[in-house]
Amino acid sequence: MKSFLAFLVAMGIIVTLGDAYCFNLLQIPGRPYRGCMLNGKLYPFGPIERTEDCYRCSCSQTEMKCCSLFSTPVAYDKKKCKVVFNKERCDYDVVQKDDPSKECFVYSHVG
């Protein structure tokens with residue numbers, strides 16, 4: 001029982017230290033900018049706590065750096081379950097295909 005508890009604590013630490021999905025968008029040199037464009041929306045220069053697509057970004061005159069606020073489920077029962085993105089919570093729900101009101105167990109996430 002103690003080894004199982006130690007395993008759960010270790011996995012919790014590893015998951016907490018995982019990196020989010022990140023990307024950079026470079027601005028075209030020489031063009032005047034009023035901010036950064038992401039998926040058709042203009043964001044102001046400076047830090048952006050949350051975009052419409054659930055990213056935390058930083059916008060400058062040279063680039064826009066963004067990291068996801070969510071992790072993607074990768075290990076779950078793919079025959080019985082499906083993944084649905086919840087934009088309000090910036091997270092994925094893994095639910096049964098036959099009854100979306102019931103959640104499925106997720107073994108691991110990435111991002």
Taking atom [atom1] of [X] and atom [atom2] of [Y], what is their separation to the nearest 0.5 Å?
X	Y	atom1	atom2	answer
C36	K41	SG	NZ	13.0 Å
C54	D91	SG	CG	9.0 Å
Q96	C104	CD	SG	5.0 Å
F45	M64	CZ	CE	10.5 Å
R34	L42	CZ	CG	5.5 Å
Q27	T62	CD	OG1	7.5 Å

Are a donor atom and an acceptor atom from the side chains of N39 and D53 found within less than 3.5 Å of each other?
yes
Answer yes if the side chains of D99 and S101 hold a donor-acceptor pair under 3.5 Å, and no otherwise.
yes
Think K87 forms a cation-pi with F85, using NZ or CZ under 6.0 Å from the six-ring centre and within 45 degrees of its axis?
no
Taking atom CD of E63 as the centre, does the number of heavy atoms from other residues, nucleotides or ligands within less than 6.0 Å exceed 12?
yes
Heavy atoms of other groups near K78 NZ, more than 12 under 6.0 Å
yes
Let me check something: do Y55 and L25 share a hydrophobic cluster, defined by ILVMFWY side-chain heavy atoms less than 4.5 Å apart, either directly or through other members?
yes
Hydrophobic cluster membership, with links at side-chain heavy-atom distances under 4.5 Å among I/L/V/M/F/W/Y: are V95 and V83 in one?
no
Step by step, would you call C90 with R50 a side-chain contact (heavy atoms from CB on, under 4.5 Å)?
CA-CA 9 Å; C90 288; R50 179 179 164 179; 3.1 Å; yes
Does the side chain of E49 come within less than 4.5 Å of R56's, by heavy atoms?
yes
Below 4.0 angstrom, N of the basic side chain to O of the carboxylate: do K102 and D98 qualify?
no
Do C57 and C66 pass the disulfide (SG to SG under 2.5 Å) test, and can you show the C-alpha distance, the side-chain angles, and the key distance before you say yes or no?
CA-CA 4 Å; C57 300; C66 298; 2.1 Å; yes
Heavy-atom nearest pair, C59 first then G35, reads SG-C, 3.6 Å
Do the rings of F23 and Y21 sit parallel, tilted or perpendicular, given the 30° and 60° boundaries?
tilted
Do the two ring centres, one from F70 and one from Y92, sit under 6.0 Å apart?
yes
